[in-house]
Amino acid sequence: MLILIISLAIFFLMTKNNSNSPITPLDQAQLSRLSQAVSGLSKDQLIWASGFVAGVAAGANNQQQSQALTSTEQATLTILYGSQTGNAKHEATSFGEKLKTKGLAPKVISMSDYKPRKLKDETHLIIFVSTHGEGDAPDDAVELHEFVHSKKAPKLGNLKYAVVGLGDTSYEFFCQTAKDFDASLQKLGATSLAGRLDCDVDYADTISKWAEQMTASLVSDLTANAASNAETSAQNTSMPINTISNLYTKQNPLRANLGACLKITGRDSVKDIRHIEIMLEDSGLKYQVGDALGIYFKNDPEIVERILRVTQTKAEEEVSVKNEVMTLSQALTNKLELTLSYPGFVKAYQNASHDTALHELLVDKKALRKFLEERQIVDIIEQYPNVISAQTLVDALRPISPRLYSIASSQNEVEDEVHLTVAHVDYQAFGSRHQGGASGFLSTRLQEGEEVEIFIESNDNFRLPSDTNTPVIMIGPGTGIAPFRAFMQERDVTEATGKNWLFFGNPHFTQDFLYQVEWQAYLKSGLLNKISLAFSRDQAEKIYVQDKLLEQGEEVFEWLEQGAHLYICGDAMRMAKDVEQALLSIIQKYGNKDEKAAKQYLLEMRKAKRYQKDVY
Amino acid sequence: MADNKNLIVEGKLADNERMKAQSKHLRGTITTDLADDVTGGFTADNFQLIRFHGMYQQDDRDIRAERAKQKLEPLHNVMLRARLPGGVITPEQWLVIDKFAEEKTMYGSIRLTTRQTFQFHGVLKPNVKPMHQLLNSTGIDSIATAGDVNRNVLCTSNPVESELHKQAWNWAAKISEHLLPKTNAYAEIWLDGEKVESTQEQEPILGDNYLPRKFKTTVVIPPHNDVDVHANDLNFVAIAENDKLVGFNVLVGGGLAMTHGDMTTFPRKADNFGFVSLDKTLDVAAAVVSTQRDWGNRTNRKNAKTKYTLERVGVDTFKKEVEKRASMTFAESRPFKLTSRGDRFGWVKGIDGKHHLTLFIENGRILDFANKSLKKGCAEIAKVHQGDFRLTANQNLIVAGVPEDQKALIEAIATQHGLLEANTSKQRQDSMACVSLPTCPLAMAEAERYLPSAVDQLESILSKHGLAHESIIYRITGCPNGCGRAMLAEIGLVGKGPNKYNLHIGGNREGTRIPKMYKENIVDTEIMQIIDELIGRWSKERLQNEAFGDFVIRAGIVAPVVNSAEDFYA
């Protein structure tokens, strides 16, 4: 097909007035229109046009093909800048303007507004970056600078690039950041369009000479590219759509590597909340937004050590857990629940030890519940030390249960990663450090690059509306924000047009605004239409998401009437109840309904899957 | 008559000019930004516009990278610089600002500055409007203490000749008021004042697009030059006859800011236009401002200050225009002499019989430190003090107008809180630094946080060479904009990068000579090594009582800067 189109173009070029028409699929009128359309074009323009027509052909052949597939194959021209004082930004912008006058369509964008993983889709990239301090990257370049250095950086074999550094030779690390980018891109397989340009303070002349040459080379490269792109697109039509089903289950989890564990609350926050990235690589694991991720974790070896010491059992002793033989230390570390305590353990432990004090506790159910609420297994054993046998200890304990976390990413956005938002439970009690089972494991014991066992827990009761035009209201204070980050990524990638409104709350604006910069970017891009924030401790009176909901009641009801889906994620005990109460009073007030009718309204929403909760 | 056409720089206007023109007389969309609770910062133009209302958006730069990793925006906050003509503040006002600093700022400090006023550092957005309302309730505002306007007017802190100081201070206040923006924007935005259509407002002196660049004014009472006249665009040198103020010599076109690597920028001394009597003083002030307004370069902000306008059009042309606009002619300059810049520490008795106590405040930072509760001490003094406070251009504090019977009490409070440390050396008193890191967005190197140890090192070098009794005007500024006024020091350090400075030497003690660059881009250890060598030579080769800055010129170690447009970089 492509060859035909190109030869057609060449034919027009060479035999303009030849009446001996070749055999073509076009009738005389069509041929004459095409002939008219291309007459007067230069050779370069004709070559470009031939590519354009080929692209149209590929598209016509392939209406069903996913948008993502074709768009990734097209030539891109992106100009990124990392600027401390505005010089790099200025140069990037003027270069972009210059390219536009030559008919190219460059995208000029700050590195801070650029998603690093887009790099792999780029074909032509120009970087303008300054260096400050001791060879440091400017603030807006830090993230991308780290990314291209990191293990997460993709192969960039298709990328052609150029780097312009702005610096000052009186500094020791002259243009260091530019040098870093140059080296990293090269290492990732990208091809340099021209040697790096390192500019000193008075760079006006050098940069304008460079701009001339670079413009010429981009113009010739990109116009040639239009043709070859069409070829690639055409070839892609036959590619099968990837449909690997999920191979991993709770029983058969995937061993995946921890990619990152970042504290995302400020240094003065009372909370320690982690953003966790787990690398799926080519495992084929698939998930949908709204799903949860199951995490198996290992208990803290120090806790295991303390239990062994008190019970006077030996680490190497052989025990059997569900017919599987292993050492006691392995059982306690990998197989048995040590964080959550429960009456069954106290009972079994008392039976084995005949501890009289424990016996008294077991009788008073209310006291027992309170006792267990505050204690982990090791606290009980240390408070009531008894010598028991290894197998008795094992039998007294429950098997470890994996913890579920709402997934905070969309696979359409992050591809071979899965993200979580995890509150690291970490406090002092009874004279020692206490951590959550999975959160302590992920936050303090698992190193980046080490393995963790995971599986997907599908949740069809927490799904975005299938109609992408439907508005969405999301209420997710604290770590309840997680699935809504996934929702927004999904709606961003799928270019959903429905309105989006987020309610978020936490103690302090400066410390606890989870994923603040991402929400800011979504507001800026227009994806997120509204955000309502409740920072409970920033003023004398405490303000929560339900208060914000009531404050915005009229508009909330308008959205509901427009068919909005409403989602709640987070604390089940109080928040979800208070929010529901607020919703009921909004429906009563603005819907002019009595209490019963309001409840019915909400019930209908629930039946229509327009009111969904992921609470815990 | 001068032909305006040749006096105006044609070309594409700097972006700030668009910003000012579109600001609706400094309103912008600041109120929208105030209501935006998604960011602690201000957006685009408003980021610049709040400066005209006396505020800078800053962030804690120490933790900027850390917060980026936390997916949090920089810890945006606001620095407020009050308008305090001549640096006078009452004890009642002091107690109000003391409480606010304590409860509503991130750093809990009051910062006295070289602009003879105080700054709050680290005010979060929700506290910004309440802050202005609180200040307003006690008679303080922050109008035009930053931005392209005439900023806080300085006045020599000289409570001894109290009658003359009072007259001079009155003029500082009058000039400040006269040159203020006339827009109602400040009252509307911060004080919920009545809304006025910006199209119905006029800015007769500053103009609808305000000035091309910042503009600084002082009133100075010779022989003290604590305000550093050569750092300012416009200076009124008080001339008294029989202790009564009769007029001013007018000095125009000083300024210290420059840009690293850009040799078209340089520090410059002010030119003396001559004498003006009191009746024409406000007219002259307005004429200098309006001439600079019309002739200043609006195409290039690095070339926009009055000093460059003078260089470009010529001093005479500029002066004639001022005379024309003010309908006056400058008389011949009256004789005056500037001999010193430091403050006189400790108690002095004024001619009115009142006592004045000057407290040395290192770096101007009033805070409760572990070993000395300076902030608490000042507040305790304010509770009993019957006079007022004077903030000096050297970042110190004067408890002024103390009657005889209160002297002992105030001294006791000051001593108890470490405000009167007997061992504060002369060298420490002669040292100065700007705020710099971690709050100033322009800072390239440490200044305030570096100064205490930098002075320790200088003192040990002086001792080593047997000069412990001597001192040197020693200043560190975190960037070449030069708030620390290093370009009028005997030894001046200008920040270039983390622990990298340009070393300048050869200014004089009275502040009338600009120091020359001796070594570029060097680290602290190298700086001290060089200073050690130079002071070694000074100790051996100096003439009797010869100051360090004078010595390095006479010994030919550096050439003097005479006309900085020509010889600063030569």
Side-chain angles (χ1 to χ4, degrees), chain A residues 84-86 90 112 131-137 139-140 142-143 146 168-173 200-203 260 262-269 273-275 421 485 502 504 508-524 528 530-535 538-539 548, chain B residues 14-16 35-41 43-44 59-77 104 106 122 124-127 130 259-265 301-302 437 441-446 479 495-502 517 519-523:
Chain A
Q84 194 75 15
T85 59
H90 176 77
S112 63
T131 297
H132 74 122
E134 300 290 283
D136 299 329
D139 293 324
D140 54 1
V142 168
E143 200 194 352
E146 275 187 16
D168 180 341
T169 40
S170 70
Y171 288 84
E172 187 180 348
F173 298 98
D200 201 357
V201 181
D202 50 342
Y203 53 74
L262 302 167
K263 178 171 181 281
I264 54 167
T265 40
R267 54 163 58 187
D268 294 326
S269 176
I273 292 172
R274 305 295 178 112
H275 170 72
T421 313
R485 180 174 184 264
L502 176 74
F504 174 74
H508 292 291
F509 169 79
T510 58
Q511 306 297 319
D512 308 311
F513 191 170
L514 307 182
Y515 303 108
Q516 179 184 24
V517 296
E518 296 185 5
W519 303 120
Q520 289 176 338
Y522 286 141
L523 283 165
K524 201 169 153 191
L528 187 61
K530 279 182 77 99
I531 189 166
S532 298
L533 300 165
F535 290 102
D538 276 348
Q539 57 285 308
K548 284 286 161 181
Chain B
D15 188 52
N16 288 54
D36 179 359
D37 60 359
V38 176
T39 172
T43 53
D59 72 278
D60 187 339
R61 292 179 56 183
D62 285 349
I63 60 169
R64 202 184 268 178
E66 171 185 312
R67 287 181 64 91
K69 283 196 171 160
Q70 290 162 340
K71 303 181 194 288
L72 294 168
E73 69 177 12
L75 189 44
H76 293 310
N77 60 76
K104 304 285 182 187
M106 286 160 52
L124 297 176
K125 196 153 87 175
N127 293 326
T259 305
H260 285 314
D262 182 347
M263 282 166 54
T264 64
T265 69
R301 290 182 64 75
K302 289 173 181 170
L437 293 166
L442 302 172
M444 298 176 175
E446 296 284 350
C479 83
K496 248 204 129 179
N499 192 22
K500 288 279 171 67
Y501 299 86
N502 290 349
M517 184 157 79
K519 201 89 197 258
E520 190 177 9
N521 210 30
I522 53 177
V523 303

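Reminder, nothing fancy here: chain letters follow the sequence lines and each chain counts from 1.
A heavy-atom distance below 4.5 Å is found between the side chains of Met106(B) and Leu75(B). In this structure, Leu514(A) and Arg485(A) have side chains that are not in contact, with every pair of non-hydrogen atoms separated by 4.5 Å or more.
For Ile273(A), no part lies under 4.5 angstrom from a heavy atom of chain B. Leu442(B) does not touch chain A: none of its heavy atoms, backbone or side chain, sits under 4.5 Å away. Looking at Leu533(A), both its backbone and its side chain come within 4.5 Å of chain B, counting heavy atoms on both sides. With a threshold of 4.5 angstrom between heavy atoms, Glu146(A) approaches chain B through side-chain atoms but not through N, CA, C or O. Neither the backbone nor the side chain of Ser532(A) comes within contact range of chain B, judged by heavy atoms closer than 4.5 Å.
Looking only at distances, no side-chain donor or acceptor of Lys125(B) sits under 3.5 Å from a matching main-chain atom of Asp37(B). Of the possible polar contacts, one joining the Gln70(B) side chain to the Thr265(A) backbone as a donor-acceptor pair under 3.5 Å is found. Judged purely by atom type and a 3.5 angstrom limit, Arg61(B) uses its side chain to pair as donor or acceptor with the backbone of Ala443(B).
Of the residues considered (Asn77(B), Leu72(B), Asp262(B), Ile63(B)), Leu72(B) shows the highest number of contacts with chain A, using heavy-atom pairs under 4.5 Å. Among His275(A), Glu143(A), Gln511(A), the residue making the largest number of heavy-atom pairs under 4.5 Å with chain B is His275(A). For the set Asn499(B), Leu124(B), Val38(B), the entry with the most heavy-atom pairs within less than 4.5 Å of chain A is Val38(B). Taking chain B as the reference chain and counting heavy-atom pairs below 4.5 Å, the highest number among Lys263(A), Gln539(A), Arg267(A) is found for Arg267(A).
Listed by chain and residue number, Phe509(A), Phe513(A) satisfy the ring pair (Phe, Tyr, Trp, His ring centres under 6.0 Å) test with Phe535(A) (two or more places apart in sequence, or in another chain). For Thr510(A), there are no side chain to side chain donor-acceptor pair (under 3.5 Å) partners at least two apart in sequence or on another chain.
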